[in-house]
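Basis for what follows: all heavy atoms, side chains included, without hydrogens, waters or symmetry-related copies.
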Amino acid sequence: MPDIMDQLRITVYTDYKSPYAYLAKNATIALAVEYPVSIVWKPYTLRIHEYLDAVENRSPHNWRKIRYMYMDARRLANRQGLTVKGPKRLFNGSLSSMGMLFSQKHGFFDRYHHLTFERFWRRELDIDSMNEMKEHIAAVGGMPEKFEVYALGAGIEEHRRIVSDAEAAGVFGVPMYELD
């Protein structure tokens with residue numbers, strides 16, 4: 001166990017297309033303000049079709065779960081003054097996850113993280129569109145052409161490895177917290 005003077009590290013697995021990860025973001029950030037902890041954000045890109053079926057194959061039971069989840073998420077969002085508009089389609093989200101990693105490497109993570117969640121849940125950002133993600137990266141202070149090279153190259157393997165390692169450690173959803 002770390003000395004009381006050392007900061008504990010909390011690894012937070014998140015996905016920009018999860019309403020619950022979005023709603024937990026501010027409270028998670030507040031932990032590092034209130035307590036001697038450091039937050040390490042990692043992407044865990046959900047594969048929604050694996051546990052809620054593809055849209056065309058969803059059972060009535062899974063549709064009820066989805067409707068309830070968004071009703072619950074909107075209720076929680078209203079308490080925080082946030083907007084949660086349910087997506088019009090299923091998103092993969094890997095580009096936004098690679099954007100997270102890219103923004104961490106290039107020093108604009110905080111702005112990227114906040115605005116990616118906000119814009120996605122207002123239906124202002126297609127996180128699966130390379131063109132929109134490049135424009136978004138530029139708007140938050142990043143280099144869009146370098147992001148594209150990363151997202152089509154080294155970012156693919158880095159993202160895959162992080163998700164694989166997370167699953168090996170027992171991560172199955174988001175937000176998920178791992179303490180040291």
Side-chain angles (χ1 to χ4, degrees), residues 7-35 37-48 73-74 76-77 80-167 171 173-178:
Q7 279 196 335
L8 294 174
R9 185 181 74 208
I10 300 174
T11 301
V12 182
Y13 292 94
T14 192
D15 186 350
Y16 293 107
K17 65 185 183 291
S18 164
Y20 293 110
Y22 177 37
L23 297 171
K25 175 183 66 77
N26 290 340
T28 302
I29 292 168
L31 286 173
V33 173
E34 185 72 23
Y35 301 100
V37 298
S38 63
I39 307 294
V40 177
W41 296 92
K42 290 189 179 184
Y44 181 76
T45 308
L46 299 169
R47 296 176 304 275
I48 295 168
R74 279 189 291 278
L76 295 170
Q80 296 183 43
L82 299 173
T83 300
V84 171
K85 294 180 179 179
K88 296 264 187 197
R89 65 178 176 84
L90 285 182
F91 286 84
N92 173 291
S94 294
L95 279 178
S96 61
S97 292
M98 287 184 272
M100 174 194 294
L101 298 170
F102 183 80
S103 70
Q104 289 169 339
K105 293 174 189 306
H106 295 279
F108 60 97
F109 170 75
D110 291 342
R111 187 161 167 75
Y112 175 86
H113 194 55
H114 175 73
L115 289 175
T116 303
F117 269 127
E118 185 177 289
R119 291 190 65 215
F120 177 75
W121 288 104
R122 289 180 183 268
R123 294 187 189 148
E124 297 171 352
L125 178 63
D126 180 341
I127 59 174
D128 289 343
S129 165
M130 179 61 81
N131 287 336
E132 285 194 35
M133 287 303 298
K134 285 170 57 180
E135 288 174 14
H136 181 61
I137 292 285
V140 296
M143 298 158 286
E145 300 309 321
K146 286 188 176 184
F147 168 69
E148 183 174 26
V149 168
Y150 172 77
L152 295 175
I156 294 170
E157 178 55 30
E158 183 177 6
H159 174 254
R160 187 208 58 74
R161 181 187 48 75
I162 289 169
V163 170
S164 179
D165 290 351
E167 289 175 348
V171 173
V174 297
M176 182 145 316
Y177 299 76
E178 181 181 74

For the atom pair OH (Y177) and OG1 (T28), what is the distance rounded to the nearest 0.5 Å? 2.5 Å
So Y35 and L8, side-chain contact (heavy atoms from CB on, under 4.5 Å) or not? Walk me through it. CA-CA 9 Å; Y35 301 100; L8 294 174; over 6 Å; no
Check whether any side-chain heavy atom of F108 lies under 4.5 Å from a side-chain heavy atom of I137, and answer yes or no. yes
Grab the two heavy atoms, one from M130 and one from A151, that are nearest each other, plus how far apart they are. CE-CB, 3.9 Å
Heavy-atom pair of closest approach, residues L115 and V140: CD1-CG1, 3.7 Å
Is it true that atom CZ of R123 has more than 12 heavy atoms of other residues, nucleotides or ligands lying nearer than 6.0 Å? yes
For the atom pair NE2 (H114) and OH (Y22), what is the distance rounded to the nearest 0.5 Å? 7.0 Å
Do T116 and H136 pass the side chain to side chain donor-acceptor pair (under 3.5 Å) test, and can you show the C-alpha distance, the side-chain angles, and the key distance before you say yes or no? CA-CA 8 Å; T116 303; H136 181 61; 2.7 Å; yes
Kindly indicate whether the side chain of V84, heavy atoms from C-beta on, has any atom under 4.5 Å from the side chain of W121. yes
Rounded to the nearest 0.5 Å, what's the gap from CZ on F91 to CG on D15? Could you check? 11.5 Å
Any Lys/Arg nitrogen of K134 or E145 sitting under 4.0 Å from an Asp/Glu carboxylate oxygen of the other? yes
dist S97:OG -> R160:CZ (nearest 0.5 Å) comes out at 14.5 Å
Is there side-chain contact between Y150 and L101, with heavy atoms separated by less than 4.5 Å? yes
Atom NZ of K146 and atom NE2 of H106: how far apart are they, to the nearest 0.5 Å? 6.5 Å
Any non-hydrogen side-chain atom of K42 less than 4.5 Å from a side-chain atom of D165? no
Minimum heavy-atom separation for G173 to L46, with atom names? CA-CD2, 4.0 Å
Indicate yes or no: does K105 engage E158 in a salt bridge with an N to O separation below 4.0 Å. yes
Heavy-atom check, side chain of F117 versus side chain of T14, under 4.5 Å: yes
Indicate yes or no: at least one non-hydrogen side-chain atom of I39 is less than 4.5 angstrom from one of I10. yes
What I want to check is whether the side chains of S129 and N131 have a donor and an acceptor closer together than 3.5 Å. no
Stepwise, does the side chain to side chain donor-acceptor pair (under 3.5 Å) test hold for Q104 with Y112? CA-CA 9 Å; Q104 289 169 339; Y112 175 86; over 6 Å; no
Between OH on residue Y16 and OG1 on residue T45, distance to nearest 0.5 Å: 10.0 Å
Closest approach of E178 and Y13, non-hydrogen atoms and distance? OE1-OH, 4.0 Å
How far apart are the closest heavy atoms of L23 and Q80, and which atoms are they? O-NE2, 3.0 Å
Below 4.5 Å, heavy atoms only, C-beta onward: do H159 and S94 meet side chain to side chain? yes
Looking at V174 and A21, what are the two nearest heavy atoms and their distance? CG2-CB, 4.1 Å
How about T11 and M176: do any of their side-chain heavy atoms sit closer than 4.5 Å? no
According to the interplanar angle, ranging from 0 to 90°, do the rings of F147 and F102 count as parallel (below 30°), tilted (30 to 60°) or perpendicular (above 60°)? perpendicular
Any salt bridge linking R89 with D126? Criterion: basic side-chain nitrogen under 4.0 Å from a carboxylate oxygen. yes
